[in-house]
Amino acid sequence: MNKDLKIAMGNNVLNIRVGIILRKGNEVALEISKIGANTAVPGGRVRINEHSFNAILREIKEEMNLDLDKSKIKRVDTFENFFEYDGTKFHEIFFLYEYDLNEEEYNYIKSIGNNRDNETTFFEFVDNSRLEEVNLLPTLLYDIIRNR
């Protein structure tokens, strides 16, 4: 049984998601799709009875095989995101965290490239000045990343 907090109601879906801004200086790690034009911050769905903080730890471990220092993780924002995909309307509640990478963590993420949990995405560091060159979703992440 899938325990992700994704609830379908007819042509509507409610998602509860987490994401994290993994930052090293002016660069952020982004998850880029190999099959579409979409880009996101690393993360995923929260599971039933799972705190969003634990969800981001789990997602980064699954996707990057990286154990983040819990004391360095900061919650940035919680917001709603509305979009339509393939005729389905999505209502997403998004918990966003931030983490400053040390040199070892930064070099490790650069070396892994591909997402260990999803073969259709890979990780790449993008400088803040180049954010407009990627289709970052949800779009309000552009301003959040730039203003932090």
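Worth knowing before you read on, the calculation uses all heavy atoms, side chains too, and leaves out hydrogens, waters and symmetry mates. These numbers come from a predicted model, not from an experiment.
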Judged by atom type as modelled, is there a donor-acceptor pair below 3.5 Å linking the side chain of [X] to the main-chain atoms of [Y]?
| X | Y | answer |
| --- | --- | --- |
| Asn102 | Glu104 | yes |
| Glu59 | Ile56 | no |
| Asn147 | Asp143 | yes |
| Arg75 | Ser52 | no |
| Asp69 | Ser71 | yes |

Please evaluate residues Lys89 and Asn11 with respect to the criterion side-chain contact (heavy atoms from CB on, under 4.5 Å), reporting the C-alpha separation (whole Å), side-chain torsions for both, the decisive distance (0.1 Å), and the verdict.
CA-CA 6 Å; Lys89 293 181 180 181; Asn11 268 358; over 6 Å; no

Indicate yes or no: at least one non-hydrogen side-chain atom of [X] is less than 4.5 angstrom from one of [Y].
| X | Y | result |
| --- | --- | --- |
| Lys61 | Asp67 | yes |
| Ile109 | Leu101 | yes |
| Asn65 | Tyr108 | yes |
| Glu62 | Arg116 | no |
| Phe83 | His91 | no |
| Met9 | Leu14 | yes |
| Ile144 | Ile21 | yes |
| Leu30 | Leu136 | yes |

Compare every heavy atom of [Y] with every heavy atom of [X], then report the nearest pair and how far apart it is.
| X | Y | value |
| --- | --- | --- |
| Asp100 | Lys72 | O-NZ, 2.9 Å |
| Tyr97 | Val76 | C-CG2, 3.9 Å |
| Glu105 | Leu66 | CG-CD1, 4.3 Å |
| Glu63 | Gly43 | OE2-O, 2.7 Å |
| Phe122 | Ser33 | CE2-O, 4.5 Å |
| Val13 | Thr88 | CG2-CG2, 3.6 Å |

Report yes or no: do [X] and [Y] belong to one cluster of Ile/Leu/Val/Met/Phe/Trp/Tyr joined by side chain heavy-atom distances under 4.5 Å?
| X | Y | result |
| --- | --- | --- |
| Tyr85 | Leu137 | no |
| Ile16 | Val18 | yes |
| Leu96 | Val46 | no |
| Ile112 | Leu68 | yes |
| Leu5 | Phe53 | yes |

Parallel, tilted or perpendicular: which describes the rings of Phe79 and Phe94, with under 30° parallel and over 60° perpendicular?
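Geometry flag for Phe94 against Phe79: parallel rings.
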
Step through the shown structure and confirm whether more than 12 heavy atoms of other residues, nucleotides or ligands are within 6.0 Å of CZ on Phe82.
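For Phe82, atom CZ is crowded (more than 12 foreign heavy atoms under 6.0 Å).
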
Going through the checks in order, is the side-chain contact (heavy atoms from CB on, under 4.5 Å) test met by Asn135 and Asn38?
CA-CA 5 Å; Asn135 186 30; Asn38 296 338; 2.9 Å; yes

[atom1]-[atom2] distance between [X] and [Y], expressed to the nearest 0.5 angstrom:
| X | Y | atom1 | atom2 | value |
| --- | --- | --- | --- | --- |
| Leu57 | Glu50 | CG | CD | 9.0 Å |
| Glu133 | Thr39 | CD | OG1 | 11.0 Å |
| Tyr99 | Lys24 | OH | NZ | 11.0 Å |
| Thr78 | Ile93 | OG1 | CD1 | 9.0 Å |
| Arg58 | Arg45 | CZ | CZ | 11.0 Å |
| Leu141 | Leu131 | CG | CG | 9.5 Å |

Please find out if less than 6.0 Å separates the ring center of Tyr106 from that of Phe125.
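When the ring centroids of Tyr106 and Phe125 are compared, they turn out to be within the sub-6.0 Å range.
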
Check the pair Glu119, Asn114 against side-chain contact (heavy atoms from CB on, under 4.5 Å), reporting the backbone distance first and the verdict last.
CA-CA 7 Å; Glu119 58 192 42; Asn114 289 324; over 6 Å; no

Start with the C-alpha distance between Leu22 and Glu98, add both sets of side-chain angles, then the distance that settles side-chain contact (heavy atoms from CB on, under 4.5 Å), and finish with yes or no.
CA-CA 6 Å; Leu22 296 172; Glu98 182 176 50; over 6 Å; no

Carboxylate-amine/guanidinium proximity below 4.0 Å for Glu27 and Arg130
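Salt bridge flag = no for Arg130 with Glu27.
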
Start with the C-alpha gap between Glu31 and Asn115, add the side-chain angles, then the distance that decides, and say whether side-chain hydrogen bond (donor to acceptor under 3.5 Å, both in side chains) holds.
CA-CA 8 Å; Glu31 186 174 349; Asn115 185 331; 2.9 Å; yes

